[in-house]
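I have placed the structure first, in the form of structure tokens, so that the comments after it can refer back to it.
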Number of protein chains: 2
Amino acid sequence: MPRSPDGTRTRRGELKERLIESALSLIEKQGLASLKARPLAEKAGCALGAIYTVFPDLDGLILAVSARTLAKLEAHLDAITVPDVEGRASPHEVALQRLVALALAYLDFAFAHRASWRALFEHRLPEGRPVPDWLIADQARLFDKVEALLEPLVPQLAAPDRATLARSLFSAVHGLVLLGLEEKLGVMAFPMLREEVARLVTAMARGLAAT
Amino acid sequence: MPRSPDGTRTRRGELKERLIESALSLIEKQGLASLKARPLAEKAGCALGAIYTVFPDLDGLILAVSARTLAKLEAHLDAITVPDVEGRASPHEVALQRLVALALAYLDFAFAHRASWRALFEHRLPEGRPVPDWLIADQARLFDKVEALLEPLVPQLAAPDRATLARSLFSAVHGLVLLGLEEKLGVMAFPMLREEVARLVTAMARGLAAT
DNA sequence: ACCCAGAAATGAACATTGTTCAAGAAGAAA
DNA sequence: TTTCTTCTTGAACAATGTTCATTTCTGGGT
């Protein structure tokens with residue numbers, strides 16, 4: 001949140017904020033493709049040209065929106081709690097439960113914020129424009145959340161292999177969520193989808209541990 | 001391939017064909033987003049307006065391209081062969097190998113035809129326009145390929161559950177391929193990606209069989 | 001050969017978008 | 001107040017999908 005040297009909010013900063021929130025709202029209502037400059041300016045209560053005083057172009061704005069969405073997702077994933085079985089369960093069992101809970105939380109977030117979640121992956125920068133490092137770092141933190149749970153589950157793996165595996169596990173769950181919510185293929189009933197996610201994550205963890 | 005009553009190719013049919021091929025070529029070179037009407041018309045050697053005599057709009061053309069790509073993918077997946085271990089391996093083991101081979105073939109196709117493969121999932125119809133049934137049916141056949149291999153692997157499951165599982169397995173592999181080839185996250189070295197796909201498919205199959 | 005009706009093809013013109021920038025408004029300094 | 005600077009504005013431009021009046025072609029009848 002940009003502030004002027006004396007710590008008060010700047011005009012620019014408030015405009016930026018209003019634009020991001022308006023964009024999020026428009027995306028959530030009609031999808032990323034419906035984010036048009038003119039309606040956005042109207043919703044944010046600013047002139048058309050004002051957008052370009054704060055962002056280099058609409059892609060820049062969408063990147064900022066992505067960062068916002070990623071932050072929300074991260075907060076959502078950090079909020080999960082697994083009912084602790086009071087030391088009765090093995091560390092392995094606990095880690096597995098946490099992993100399943102993480103995957104389900106990911107699914108729940110995607111379901112609750114479909115459009116903005118989808119925008120995260122749907123949006124593509126024009127050829128040759130690099131994704132900013134800070135956004136890549138934000139995404140990498142998602143993998144880290146998975147990786148943190150893997151140590152008890154696959155103790156036989158070296159750390160670099162665990163990082164790769166974390167990424168793979170994330171990708172697999174991502175795929176389940178993606179096609180599961182894809183209307184194109186006929187949406188799966190949501191409870192069934194949760195079942196499937198839990199089932200596959202459990203199966204993968206078991207299968208990997210046995211390797 | 002549309003033909004006139006007497007069996008010869010029609011003018012329209014040839015134009016349609018040229019447009020689909022040109023579109024495929026443009027997509028493969030620069031991605032779906034770079035498919036513009038004017039360059040397309042030039043490449044296909046026809047007038048701008050001619051596109052709209054054969055397709056209702058560009059979305060319609062892209063649907064036709066998707067069908068073409070799906071057909072190629074299907075052919076590619078049907079061509080896989082697994083070196084038969086001469087009855088030495090159990091049916092379970094054979095089915096697992098086939099499943100892994102299928103997943104790897106999917107990955108290979110996506111890698112070899114990145115842009116058109118991605119276009120398959122990237123492209124979204126404008127709100128309210130339904131995906132044609134024939135395209136949904138084409139996609140469903142991919143799930144069927146997986147399902148056909150599941151019987152020996154999870155004999156304890158009822159047929160409807162197997163259909164659901166097939167879809168889930170496909171989705172998980174799809175996710176691996178998608179994020180694996182996503183430059184946004186730093187491409188994984190291709191051989192390593194193949195390893196990961198094989199590893200996770202194997203793990204899932206083992207984990208599921210043990211349930 | 002010629003003509004003509006219908007079909008097919010054309011590309012100029014239009015609508016909708018992202019983006020720019022000259023002109024004006026608002027603020028700061030004197 | 002006057003002047004200078006900075007910020008804001010929305011008309012104008014460029015790129016793009018789509019339409020349709022006009023032109024060109026085609027085949028059959030004379």
Side-chain angles (χ1 to χ4, degrees), chain A residues 2-6 8-20 22-23 26-27 29-66 119 122-129, chain B residues 2-20 22-24 26-27 29-66 119 122-129:
Chain A
R3 314 219 156 204
S4 60
D6 65 358
T8 57
R9 286 190 206 80
T10 49
R11 210 173 265 296
R12 274 176 62 87
E14 283 182 7
L15 174 58
K16 198 168 194 167
E17 181 62 26
R18 248 179 315 139
L19 280 172
I20 293 177
S22 304
L26 286 178
I27 290 173
K29 238 180 290 199
Q30 299 267 10
L32 179 62
S34 76
L35 183 61
K36 309 289 167 67
R38 270 157 261 250
L40 174 65
E42 169 153 30
K43 178 141 203 160
C46 68
L48 178 56
I51 298 173
Y52 300 89
T53 67
V54 178
F55 296 102
D57 51 24
L58 282 194
D59 282 323
L61 166 58
I62 293 173
L63 289 178
V65 170
S66 292
E122 206 168 82
H123 176 244
R124 313 207 67 76
L125 258 10
E127 180 135 21
R129 178 140 169 219
Chain B
R3 312 218 158 206
S4 60
D6 64 357
T8 57
R9 287 190 206 78
T10 50
R11 209 172 267 292
R12 273 174 64 87
E14 280 181 10
L15 175 57
K16 197 168 195 168
E17 181 63 24
R18 251 180 314 139
L19 280 172
I20 292 178
S22 304
L24 252 175
L26 287 177
I27 289 173
K29 239 182 287 197
Q30 301 265 11
L32 179 62
S34 76
L35 182 61
K36 308 289 166 68
R38 270 156 262 252
L40 174 65
E42 169 153 30
K43 178 141 203 160
C46 68
L48 180 55
I51 298 173
Y52 299 88
T53 67
V54 178
F55 295 103
D57 50 26
L58 282 194
D59 283 321
L61 165 58
I62 294 172
L63 288 178
V65 170
S66 292
E122 206 168 80
H123 175 245
R124 315 207 63 77
L125 258 9
E127 179 135 22
R129 179 141 168 218

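In what follows, chains are A, B, ... by sequence order, proteins preceding strands, each numbered from 1.
- Across the protein-nucleic acid pair, A:Phe55 atom CZ and C:dT20 atom P stand 15 Å apart, rounded to whole Å.
- The overall bend of the helix from C:dA1-D:dT30 to C:dA30-D:dT1, read as the angle between its terminal helix axes built from five base pairs each, is 30° when rounded to 10 degrees.
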Base versus backbone protein contacts along nucleotides 12-28 of chain D [heavy-atom cut-off under 4.0 Å; B, S, -]: ----BBBB------S--
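- Between the P atom of C:dT17 and the CG atom of A:Leu26 lies a distance of 13 Å, rounded to the nearest Å.
- Put simply, CD1 on B:Ile62 and CG on B:Leu32 are 5.0 Å apart, with the number rounded to the nearest 0.5 Å.
- Taking OG from A:Ser66 and CD1 from A:Ile27, the interatomic distance works out to 7.5 Å, rounded to the nearest 0.5 Å.
- Here the straight-line distance linking atom CD of A:Glu122 with atom CD of B:Glu122 works out to 8.0 Å at 0.5 Å rounding.
- Taking each heavy atom of B:Tyr52 and B:Asp57 in turn, the nearest pair found is CE2-CA, 3.8 Å.
- One can place CD1 of A:Ile51 at 12 Å from C1' of C:dT17, the figure rounded to the nearest angstrom.
- Interatomic distance, B:Leu61 CG to B:Lys16 NZ, rounded to the nearest 0.5 Å: 10.0 Å.
- Looking at A:Arg12, its side chain does come within 3.5 Å of a backbone N or O of A:Thr53 through a donor-acceptor pair.
- The distance from atom CG of B:Leu15 to atom CD1 of B:Ile51, rounded to the nearest 0.5 Å, is 8.5 Å.
- At whole-Å resolution of the value, CG in A:Leu19 and P in C:dG18 are 13 Å apart.
- We find the CG-CG distance between B:Asp59 and B:Leu63 to be 6.5 Å, quoted to the nearest 0.5 Å.
- When the C1' atom of D:dT8 is taken as reference, atom NZ of A:Lys16 falls 17 Å away, rounded to whole Å.
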